[in-house]
Enquirer: 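Just passing along the structure, written as structure tokens.
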Amino acid sequence: MTALDIQATFPGELDAIIYFEKLRWGGTTRCAYCNTSKVSKRQQDNRFHCSQCRKTFSVTTGTYLHSSKLPVKIWMRAFSIMGEGTSKISIKQLQHGLGVSYTTAWRIRQELKEMMGNDFGQAVKGNIFDALCRKAISQYTQPVELERATV
């Protein structure tokens with residue numbers, strides 16, 4: 001999917017969020033913390049409220065995009081750039097293509113490298129954009145860091 005396709009298919013941020021919601025939950029929104037379907041409708045800030053555990057969450061909660069403050073649509077454009085080019089996308093290419101600062105482009109590329117892993121390119125045959133979208137909203141578990149015992 002090219003940048004023009006993204007603009008046409010997802011004219012607003014809400015359209016991109018709804019696309020990710022369909023990928024993640026299908027037709028039924030589920031709490032990202034307790035997995036119940038007893039959740040409120042989407043609020044103005046694009047978050048849901050769980051009636052069971054009383055937490056709020058969004059489509060990115062618990063995923064690779066969880067801590068990102070960037071709009072989902074920027075991530076979709078980054079996935080598009082990855083799908084159009086080779087696996088070696090420069091930071092400058094991302095910066096120019098996304099209209100973000102060099103530092104932000106560097107962080108995006110680091111996240112993309114982590115999402116893609118070493119064998120991602122070989123494992124994906126076909127649409128890299130769709131594969132990256134699915135990977136981005138898949139459940140992410142960070143490695144547990146153990147504290148050193150002080151003696």
Side-chain angles (χ1 to χ4, degrees), residues 1-51 55-143:
M1 188 173 270
T2 66
L4 290 174
D5 293 336
I6 289 173
Q7 187 59 37
T9 308
F10 310 107
E13 179 68 7
L14 182 58
D15 299 305
I17 290 170
I18 290 170
Y19 175 75
F20 275 132
E21 288 172 0
K22 286 180 183 173
L23 281 179
R24 182 171 184 178
W25 296 309
T28 305
T29 304
R30 303 195 73 78
C31 176
Y33 297 102
C34 68
N35 204 33
T36 185
S37 61
K38 297 177 183 174
V39 298
S40 69
K41 292 184 180 184
R42 183 184 309 101
Q43 305 298 311
Q44 284 185 333
D45 62 353
N46 295 319
R47 297 183 67 77
F48 297 91
H49 179 78
C50 178
S51 299
K55 294 183 180 181
T56 62
F57 62 95
S58 72
V59 70
T60 62
T61 300
T63 69
Y64 281 95
L65 305 181
H66 180 82
S67 61
S68 175
K69 300 212 183 303
L70 289 173
V72 171
K73 194 168 174 182
I74 294 281
W75 282 104
M76 291 178 104
R77 285 178 33 212
F79 301 155
S80 172
I81 291 169
M82 288 300 295
E84 290 173 1
T86 63
S87 61
K88 301 229 179 200
I89 298 295
S90 74
I91 297 169
K92 282 290 193 185
Q93 283 175 294
L94 279 174
Q95 179 186 11
H96 178 71
L98 301 176
V100 296
S101 71
Y102 185 86
T103 306
T104 301
W106 181 85
R107 287 184 181 147
I108 289 171
R109 193 179 78 169
Q110 292 302 108
E111 281 293 323
L112 288 171
K113 284 170 65 174
E114 185 178 340
M115 273 188 247
M116 292 175 74
N118 294 333
D119 58 344
F120 185 85
Q122 297 154 1
V124 174
K125 304 277 192 264
N127 194 331
I128 292 177
F129 173 80
D130 285 343
L132 278 169
C133 286
R134 290 182 193 287
K135 181 71 174 181
I137 59 147
S138 64
Q139 295 292 20
Y140 175 71
T141 52
Q142 291 181 308

Enquirer: Under a 4.5 Å cut-off applied to non-hydrogen side-chain atoms, are Val39 and Phe57 in contact?
Expert: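 Contact flag for Val39/Phe57 side chains = yes.
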
Enquirer: Could you tell me which residues satisfy side-chain contact (heavy atoms from CB on, under 4.5 Å) with Ser51, sequence neighbours excluded, listed by chain and number?
Expert: Lys38

Enquirer: Output every pair passing side chain to side chain donor-acceptor pair (under 3.5 Å) with a member in residues 97-106, not counting sequence neighbours, ordered by first then second residue.
Expert: Ser101-Thr104

Enquirer: Can you see which heavy atom on Arg24 is nearest to which on Ser58, and at what distance?
Expert: NH1-O, 3.9 Å

Enquirer: When you compare the side chain of Gln110 with that of Arg107, does any pair of heavy atoms fall below 4.5 Å?
Expert: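 The answer is no; the side chains never approach within 4.5 Å.
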
Enquirer: With sequence neighbours left out, write down each residue that passes side-chain contact (heavy atoms from CB on, under 4.5 Å) with Asp45, or none if nothing qualifies.
Expert: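 Applying side-chain contact (heavy atoms from CB on, under 4.5 Å) to Asp45 gives Gln43, Arg47.
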
Enquirer: With a cut-off of 6.0 Å (strictly less than), are more than 12 heavy atoms of other residues, nucleotides or ligands near CZ of Arg30?
Expert: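 Enclosed.
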
Enquirer: In Å, rounded to the nearest 0.5 Å, how long is the span from CD1 of Ile6 to CZ of Arg77?
Expert: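 It is 8.0 Å, given to the nearest 0.5 Å.
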
Enquirer: Specify the closest pair of heavy atoms between Leu112 and Ala78, including all atoms of both residues, with the distance to one decimal.
Expert: CD1-CB, 4.3 Å

Enquirer: Under the salt bridge (Lys or Arg N to Asp or Glu O under 4.0 Å) rule, collect the residues that match up with Arg42, sequence neighbours excluded.
Expert: Glu21

Enquirer: Return the CD1 to CG distance between Ile18 and Leu23, rounded to the nearest 0.5 Å.
Expert: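 Nearest 0.5 Å value for the CD1-CG distance: 12.5 Å.
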
Enquirer: Report the distance from atom CG of Asn46 to atom OG1 of Thr60, rounding to the nearest 0.5 Å.
Expert: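 Asn46 CG to Thr60 OG1: 10.0 Å, rounded to 0.5 Å.
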
Enquirer: Looking at every non-hydrogen atom in both residues, tell me the closest pair between Phe48 and Ser40 and how far apart they are.
Expert: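 Taking Phe48 first and Ser40 second, the nearest heavy atoms are CD2-O, 3.2 Å.
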
Enquirer: What pair of heavy atoms forms the shortest contact from Cys50 to Thr36, and how long is it?
Expert: SG-CG2, 3.4 Å

Enquirer: Using every non-hydrogen atom in the two residues, find where Cys133 and Phe79 come nearest and quote the distance to one decimal.
Expert: SG-CD1, 3.7 Å

Enquirer: CD1 of Ile108 to CG of Leu94: how many Å apart, nearest 0.5 Å?
Expert: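 Separation between the atoms: 6.5 Å.
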
Enquirer: What pairs with Pro11 under side-chain contact (heavy atoms from CB on, under 4.5 Å), at least two apart in sequence or on another chain?
Expert: Asp15

Enquirer: With rounding to the nearest 0.5 Å, note down the distance linking CE in Met76 to NZ in Lys73.
Expert: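 Nearest 0.5 Å value for the CE-NZ distance: 9.0 Å.
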
Enquirer: Kindly write out the residues that satisfy side-chain contact (heavy atoms from CB on, under 4.5 Å) with Ser68, not counting sequence neighbours, or none if the list is empty.
Expert: Leu70, Trp75

Enquirer: To the nearest 0.5 Å, what is the distance between OH on Tyr19 and CG on Leu14?
Expert: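 Between Tyr19 OH and Leu14 CG, I get 15.5 Å after rounding to 0.5 Å.
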
